[in-house]
Amino acid sequence: MKLADSHCHLNYKGVEEMQGDVLARARSAGVVAMLNISTRESEWDAVIATAERESDVWATVGIHPHEADQHPHIDTTKLIERTQNPRVVGIGESGLDYYYDHSDRVRQQISFRAHLAACRETGLPIVVHTRDAEEDTAAILRDELGKGAFPGVLHCFTGSAELARIAIDLGFYISISGIVTFKNAQALQAVARDLPQDRLLIETDAPFLAPVPHRGRPGEPAFVADTCRFLATLRGEDADALADATRINFHTLFSKTLA
């Protein structure tokens, strides 16, 4: 299999301390592309530096909704400035998280819209985090897309079939993480089974959400192979073919990776 891990955090604790070994295991497992995601301004330099050093790693710049209160100064202009780096291929992760409410909801929405405006101006994809905020996420995406098109992905998808349908109708991709392998994930499995293959990505969200059979361990990009095999069985597809399709989808969405 030749795989793309469309969302991982290579500079997070639990991965960064052994980043060289983590990358070696990923490559041995067939991972040929990894997207290193940022969540706060203080990690942008390190996230980008990893992508500059490793030819199969790319980076995003963004502010996670949990961090929105702490980053009122991060606006569309600041995001666009950092996307000039050739290794920065997307914007995010950004979005809405009403489950934890670590940041004020209005502040989350303002930050989300600033990220979407940066995507519209640069043409880069948005990496969307959404939890317990489906209605507002869909409404903001529709509103911002009405001002001009931009691509994107709903990462680590755990939402409803309706949200998946809306996202696909808007031209977005859906990324499935190791959560789909969990015993209590029947609802997600039902959604994942029916997603169109040409709108599907696979991710680890490492160091979080290690799939079966790695539960209880820090996640790492190598584990995207386990999620791919599970997902292929779930969908009645060949694992190698699904790996190829989702890798092609990754490069189609994050087209700057092909430059």
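Just so it is clear, the values below take in all heavy atoms, side chains as well, and ignore hydrogens, waters and symmetry mates. In this text, all values refer to a predicted model and were calculated from it rather than measured experimentally.
With a 4.5 Å cut-off on side-chain heavy atoms, P221 and V22 count as touching. Within the 4.5 Å cutoff, no side-chain heavy atoms of R199 are placed close to those of I174. Side-chain contact between I140 and L96 is present, with heavy atoms from C-beta onward closer than 4.5 Å. Put simply, the side chain of L163 does not reach to within 4.5 Å of the side chain of V191, judged on heavy atoms. Inter-residue side-chain proximity for H115 and E144 is flagged as unmet; no heavy-atom pair is nearer than 4.5 Å. Inter-residue side-chain proximity for K147 and R113 is flagged as met; some heavy-atom pair is nearer than 4.5 Å.
To the nearest 0.5 Å, atoms CZ (F157) and CD1 (I179) are separated by 11.0 Å. Considering CG of D5 and CD1 of I202, their distance stands at 9.5 Å, rounded to 0.5 Å. Of the inter-residue distances, the one linking R193 atom CZ with L188 atom CG reads 10.0 Å to the nearest 0.5 angstrom. Rounding to the nearest 0.5 Å places CG of N249 at 10.0 Å from OG of S6. Put simply, OG on S103 and NE2 on H64 are 9.5 Å apart, with the number rounded to the nearest 0.5 Å. The distance from the CD atom of E220 to the CG atom of L23 is 9.5 Å, given to the nearest 0.5 Å.
Heavy atoms of other residues, nucleotides or ligands lying less than 6.0 angstrom from CD of E135 number 12 at most. When the shell of 6.0 Å around CD of E52 is examined, it contains more than 12 heavy atoms from other residues, nucleotides or ligands.
No donor-acceptor pair closer than 3.5 Å links the side chain of D205 to the backbone N or O of F208. Judged purely by atom type and a 3.5 angstrom limit, Q19 uses its side chain to pair as donor or acceptor with the backbone of L10. Judged purely by atom type and a 3.5 angstrom limit, T204 has no side-chain atom pairing as donor or acceptor with the backbone of F223. A donor-acceptor pair is defined here as one N or O able to donate and one able to accept, closer than 3.5 Å; no such pair exists between the side chain of E17 and the backbone of K13. Judged by distance alone, with hydrogens and angles left aside, the side-chain atoms of T60 form a donor-acceptor pair with the main-chain N or O of G92 at under 3.5 Å. Checking side-chain atoms of R247 against main-chain N and O of K2 turns up a donor-acceptor pair under 3.5 Å. Here the side chain of S28 pairs a donor or acceptor atom with the backbone of A24 at under 3.5 angstrom. Here the side chain of R107 pairs no donor or acceptor atom with the backbone of P65 at under 3.5 angstrom. Although no hydrogens or angles enter the test, the distance criterion places no donor-acceptor pair under 3.5 Å between the side chain of H214 and the main chain of A210. A donor-acceptor distance shorter than 3.5 angstrom exists from the side chain of D69 to the backbone of D104, with no hydrogens or angles considered.
Closest heavy-atom contact between M34 and C8: CB-SG, 4.1 Å. Smallest separation of non-hydrogen atoms from I37 and V47: O-CG2, 4.2 Å. In terms of heavy atoms, D240 sits closest to D238 at N-OD2, 3.1 Å. Taking all atoms of both residues into account, the shortest heavy-atom contact from P125 to V89 is CD-O, 3.3 Å. Closest heavy-atom contact between I48 and V61: CD1-CG1, 4.0 Å. Residue D198 comes nearest to Y173 through the heavy atom pair O-CE2, 3.3 Å, listed as atom of the first residue, atom of the second, then distance.
Note on R82 versus D45: salt bridge recorded, some NZ/NE/NH1/NH2 to OD/OE distance being below 4.0 Å. Ion pairing between R165 and E162 holds under the 4.0 Å rule for side-chain N and carboxylate O. Taking 4.0 Å as the cut-off between side-chain N and carboxylate O, R229 and D226 count as a salt-bridged pair.
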Run the side-chain contact (heavy atoms from CB on, under 4.5 Å) check on L200 and L242 step by step: do they pass?
CA-CA 9 Å; L200 182 60; L242 184 61; 3.9 Å; yes

Would you sort out whether I166 and R142 count as a side-chain contact (heavy atoms from CB on, under 4.5 Å), showing the intermediate values?
CA-CA 9 Å; I166 290 170; R142 284 194 182 108; 3.6 Å; yes

When you look at F150 and T122, which way does the side-chain contact (heavy atoms from CB on, under 4.5 Å) test go after all the steps?
CA-CA 9 Å; F150 51 84; T122 62; over 6 Å; no

I would like to know whether S175 and H155 meet side-chain hydrogen bond (donor to acceptor under 3.5 Å, both in side chains); could you show each step before the answer?
CA-CA 5 Å; S175 184; H155 108 88; 5.9 Å; no

Kindly indicate, with the supporting measurements, whether the criterion side-chain hydrogen bond (donor to acceptor under 3.5 Å, both in side chains) is fulfilled by E93 and H7.
CA-CA 9 Å; E93 62 186 282; H7 192 113; 3.0 Å; yes

Stepwise, does the side-chain contact (heavy atoms from CB on, under 4.5 Å) test hold for E43 with N11?
CA-CA 8 Å; E43 66 194 26; N11 293 87; 5.7 Å; no

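A donor-acceptor contact under 3.5 angstrom links the side chains of D97 and H129, judged on distance only. Looking only at atom types and distance, the side chain of E134 has a donor-acceptor partner in the side chain of S160 under 3.5 Å away.
Between F254 and F250, the ring-plane angle classifies as tilted under the 30° and 60° cut-offs. Ring orientation note: the planes of H71 and H73 are close to parallel, at an angle under 30° on the 30°/60° scale.
Exactly one residue among I63, V88, N85, T39 makes a side chain to side chain contact (heavy atoms under 4.5 Å, CB included) with W44. That residue is I63.
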